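So the structure is just underneath, and the comments pick up after that.
Note that ligands are numbered from 1 as they come in the structure, with each ligand's atoms numbered from 1 the same way. Owing to the predicted nature of the structure, the values given are computational and were not obtained by experimental measurement.
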Amino acid sequence: MAGNRTFTMIKPDAFEAGNSGAILKMIEEAGFKIVAMKATRLTPELAGKFYEVHKERPFYADLCKYMSSGPIIAAILEKNNAVEDFRTLIGATNPANAAEGTIRKIFAKSIEANAVHGSDSDENAAIEGNFYFSQLERVI
Ligand code: ATP
Ligand code: MG
């Protein structure tokens, strides 16, 4: 059975552009409840740890640099079928391929600076939420 939580980040490009509020509005209007949230900033080392699964990919070094280039918002979201429905809401990794009306189509600048992150499985949603939020911060 699909789980009911996913994890997201509003990435540095969207935060810097002042799009966090508009993106959170789209997320809430799509039926997701915010159950934990904070504004923070990754160091290059922490970005490297978060994206460790991509460490063999050619874009890894640039991705770590970009993800630590400015503040982000991290959040745990709740909804039925959360992981799949959230990836539908954000659209394809490359905004050029993202469906009309998706968050990346509207706000992403490039395949790298693509506005938002969405977990790709229930297991990773839990790992990523735990990466950012302690038990005390996850009271809901
Ligand atoms: P995310 O994990 O951030 O939700 P995703 O699951 O759609 O994105 P992944 O394949 O997991 O895509 O890639 C992680 C991130 O690495 C992308 O969101 C993007 O910022 C960056 N990225 C992916 N592919 C490329 C690429 N070809 N060139 C540059 N950056 C890329
Ligand atoms: Mg991914």
Side-chain angles (χ1 to χ4, degrees):
M1 203 189 86
N4 65 352
R5 287 194 174 190
T6 191
F7 171 80
T8 189
M9 290 180 285
I10 296 176
K11 296 186 178 184
D13 61 296
F15 189 102
E16 171 63 24
N19 290 327
S20 301
I23 291 171
L24 289 169
K25 184 168 193 278
M26 283 182 72
I27 290 171
E28 289 192 316
E29 283 178 353
F32 292 87
K33 294 230 173 325
I34 296 165
V35 296
M37 183 165 74
K38 65 180 163 197
T40 184
R41 182 171 176 164
L42 290 166
T43 62
E45 292 71 29
L46 284 172
K49 202 170 164 208
F50 186 89
Y51 280 112
E52 204 158 22
V53 292
H54 295 308
K55 69 171 182 288
E56 306 302 334
R57 311 273 289 272
F59 57 80
Y60 178 69
D62 271 357
L63 177 62
C64 296
K65 198 171 157 194
Y66 158 65
M67 286 302 297
S68 56
S69 67
I72 60 152
I73 288 175
I76 297 173
L77 305 173
E78 194 168 87
K79 183 186 182 297
N80 288 340
N81 201 36
V83 167
E84 189 185 348
D85 286 3
F86 192 70
R87 287 182 72 90
T88 301
L89 176 68
I90 67 179
T93 309
N94 186 345
N97 303 329
E100 287 302 325
T102 59
I103 291 175
R104 283 172 168 164
K105 186 70 175 184
I106 297 168
F107 296 108
K109 293 187 165 55
S110 67
I111 190 170
E112 177 180 75
N114 60 1
V116 281
H117 164 80
S119 302
D120 60 10
S121 66
D122 290 343
E123 188 192 359
N124 284 335
I127 291 169
E128 291 168 1
N130 289 335
F131 180 92
Y132 275 96
F133 297 99
S134 72
Q135 202 171 350
L136 279 175
E137 292 171 308
R138 287 185 282 111
V139 292
I140 301 177

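Heavy-atom contacts of G118 reach the following atoms of ligand 1: 4 (O) (cutoff under 4.0 Å). Interface atoms of ligand 1 facing Y51, defined by a heavy-atom separation under 4.0 Å, are 3 (O), 14 (C). For ligand 1, the atoms sitting less than 4.0 Å from at least one non-hydrogen atom of N114 are 17 (C), 18 (O), 19 (C), 20 (O), numbered in the order shown with element in parentheses.
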| task | Please test M67 against Y51 for side chain to side chain contact (heavy atoms under 4.5 Å, CB included), starting from the C-alpha separation and ending with a verdict. | result | CA-CA 10 Å; M67 286 302 297; Y51 280 112; 3.6 Å; yes
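Cluster annotation: V83 and F131 are assigned to distinct hydrophobic clusters (Ile/Leu/Val/Met/Phe/Trp/Tyr, side-chain heavy-atom contacts under 4.5 Å, transitive). The same ILVMFWY cluster, assembled from side-chain heavy atoms under 4.5 Å apart, contains both F15 and I34. In the hydrophobic clustering of ILVMFWY residues, with side-chain heavy atoms under 4.5 Å counting as a link, F7 and F32 come out apart.
A 4.5 Å side-chain heavy-atom check between L24 and I10 finds at least one atom pair inside the cut-off. Side-chain contact between F86 and I27: present, with at least one pair of heavy atoms (C-beta onward) separated by less than 4.5 Å. With contacts defined as side-chain heavy-atom distances shorter than 4.5 Å, the pair P12/I72 qualifies. A 4.5 Å side-chain heavy-atom check between R104 and T93 finds at least one atom pair inside the cut-off.
Atom 19 (C) of ligand 1 has as its closest protein heavy atom I111 O, 3.2 Å. Given atom 2 (O) of ligand 1, the protein heavy atom at minimum distance is H117 ND1, 3.1 Å. Scanning the protein heavy atoms around atom 12 (O) of ligand 1, the nearest turns out to be T93 OG1, 3.4 Å.
At under 3.5 Å, not a single nitrogen or oxygen of Y66, backbone or side chain, sits near a nitrogen or oxygen of ligand 1. An N or O contact shorter than 3.5 Å is missing between I90 and ligand 1 by distance.
For K11, every heavy-atom contact with ligand 1 shorter than 4.0 Å involves the side chain, none the backbone. Residue contacts with ligand 1 for M67 are absent, since no atom lies close enough (heavy atoms, distance under 4.0 Å).
Evaluated by nearest non-hydrogen atom to atom 26 (C) of ligand 1, the leading choice among Y60, F59, F86 is F59. With atom 14 (C) of ligand 1 as the reference point, the heavy atom nearest to it among R57, H54, E112 is part of H54.
Between L63 and ligand 1 there is a heavy-atom distance shorter than 4.0 Å. Using 4.0 Å as the threshold, R104 has a heavy atom nearer than that to some atom of ligand 1.
A cation-pi arrangement is present between K38 and F133, with the terminal nitrogen or guanidinium carbon under 6.0 Å from the aromatic centre and inside a 45° cone about the axis.
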